[in-house]
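Shown next, in structure tokens, is the structure this report addresses.
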Amino acid sequence: MKLPQVPKHSFLLLIISLVIMLIVPPYLREYSPFAFEGLLLNPFITAIFLTSLYLVTDNRRFFFIGLLILFPVLIVNALYYFDRQHFHSMISILAYIAFFSYICIFLGRFLARSKTVSINVIYAAVCLYFFIAIIWSFIYIATYHTIENAFSFSPNLANNLDPDKDIVAIFSYFSFVTMTTLGYGDITPVHEISRAWVSAQSVLGQLYLAIVMARFVGLYISDSRMEGKEEELQKQNQSKI
């Protein structure tokens, strides 16, 4: 089975983009001199989309499929400059979920076909973990918009953040907290559907770590055995000489 080829340093660039998305926007929201924070936040989001699509440029078919999925996402991202309500529509949310899911499929395919533990494989596993959490954040946004009182917010959170204005920041935070099963209690799933999604993510987060670690250990053991066999063959060849 042929290992999918990826551009050099692409996974590292993607991790950097994802970290920027998590860390930088809160500072921009707090210290931005402009009234329209989307002017500052959108470039980081767009960079993640383009960096993600860069992963599949080795295969023309994968690239064009990703481009078709990315196109409506970029339109929504551009419309955000003029009206933030476009971002909260169900069509835009589904477009984001579809694109990130597509990238997850590629990352999972890369990890499944890897035969050795390399730095690229580790980077890919980290990226996949990030994207699963991001997908769930949009699932929570869709649940919040479609189901009344799906989530309950603590008084401190409600006083400092507007769930309708800062919905992406709130549910991105909630998704990563749920993924790691920290559960601070400032956001609580109330409706049975929201609780079901939270339960699924909590289980998936734990299974992901267990499966990936088992995969890495298995690949490491396989590499060690192959190296041992090669050393034995070299010794046998030297003894014959």
Side-chain angles (χ1 to χ4, degrees), residues 1-24 47-49 51-59 62 66 96-140 171-187 189 194-232:
M1 189 178 294
K2 184 180 178 182
L3 180 65
Q5 298 297 315
V6 296
K8 190 177 181 181
H9 304 309
S10 57
F11 290 132
L12 178 59
L13 291 174
L14 185 55
I15 290 177
I16 293 173
S17 299
L18 291 169
V19 171
I20 289 174
M21 184 196 70
L22 288 177
I23 303 300
V24 174
I48 292 173
F49 295 152
T51 308
S52 302
L53 191 58
Y54 179 63
L55 292 174
V56 296
T57 53
D58 70 302
N59 187 302
F62 285 141
Y96 279 95
I97 293 175
F99 178 74
F100 288 129
S101 298
Y102 175 76
I103 299 300
C104 282
I105 291 173
F106 181 82
L107 291 171
R109 175 173 170 267
F110 179 84
L111 290 173
R113 294 187 176 187
S114 299
K115 299 301 181 183
T116 60
V117 181
S118 64
I119 191 65
N120 244 3
V121 172
I122 296 174
Y123 286 157
V126 174
C127 289
L128 183 56
Y129 189 86
F130 269 88
F131 277 118
I132 292 174
I134 292 172
I135 290 171
W136 244 265
S137 68
F138 282 99
I139 291 175
Y140 293 139
F171 283 112
S172 293
Y173 155 78
F174 177 68
S175 180
F176 279 96
V177 169
T178 302
M179 193 83 168
T180 55
T181 65
L182 287 174
Y184 290 121
D186 47 0
I187 304 175
S194 58
R195 291 202 304 268
W197 281 113
V198 168
S199 299
Q201 186 183 18
S202 300
V203 173
L204 180 61
Q206 298 305 302
L207 288 177
Y208 180 86
L209 295 176
I211 292 172
V212 168
M213 289 303 298
R215 175 67 173 166
F216 285 171
V217 170
L219 291 176
Y220 179 79
I221 293 174
S222 178
D223 289 344
S224 299
R225 289 176 178 175
M226 290 296 296
E227 290 177 359
K229 289 181 180 180
E230 290 177 359
E231 290 178 358
E232 288 181 5

Between atom SG of C127 and atom CG of L14, what is the distance when rounded to the nearest 0.5 Å?
4.0 Å
To the nearest 0.5 Å, what is the distance between CG (L18) and CZ (F131)?
5.0 Å
For R215 and L111, which heavy atoms make the closest approach, and how far apart are they?
NH2-O, 3.3 Å
Quick one: closest heavy-atom pair of C104 and I135, and the distance?
SG-CD1, 3.6 Å
To the closest 0.5 Å, what do you measure between CD1 (I139) and OH (Y96)?
15.5 Å
Hey, are the side chains of I20 and I16 touching, using non-hydrogen atoms and a 4.5 Å cut-off?
yes
Shortest non-hydrogen contact between T178 and S202, atoms and distance
CG2-OG, 3.5 Å
Exercise: identify the closest heavy-atom pair between N120 and F110:
O-CE2, 4.0 Å
Does Y129 have any ring-ring contact (aromatic ring centres under 6.0 Å, His included) partners at least two apart in sequence or in another chain, and if so, which?
Y208
Side-chain contact test, heavy atoms from C-beta onward, threshold under 4.5 Å: evaluate it for T181 versus Q206 and give yes or no.
yes
Partners of L22 by side chain to side chain contact (heavy atoms under 4.5 Å, CB included), sequence neighbours excluded?
F130, F176
Which residues pass the side chain to side chain contact (heavy atoms under 4.5 Å, CB included) test with S137, not counting sequence neighbours?
I134, S172, S175
Taking C-beta and beyond as the side chain, do V126 and F11 meet within less than 4.5 Å on heavy atoms?
no
Using the test side chain to side chain contact (heavy atoms under 4.5 Å, CB included), find all partners of V203 that sit at least two apart in sequence or belong to another chain.
L207
Can you name the side chain to side chain contact (heavy atoms under 4.5 Å, CB included) partners of S199, sequence neighbours left out?
none
Who pairs with F174 by ring-ring contact (aromatic ring centres under 6.0 Å, His included), at least two apart in sequence or on another chain?
Y140, F151
How many angstroms lie between atom CZ of R109 and atom CG of L128, to the nearest 0.5 angstrom?
14.0 Å
Compare every heavy atom of Y123 with every heavy atom of I15, then report the nearest pair and how far apart it is.
CD1-CD2, 3.5 Å
Show, in sequence, the C-alpha distance, side-chain angles and deciding distance for T116 and V121, and conclude whether the side chain to side chain contact (heavy atoms under 4.5 Å, CB included) test is met.
CA-CA 8 Å; T116 60; V121 172; 5.7 Å; no
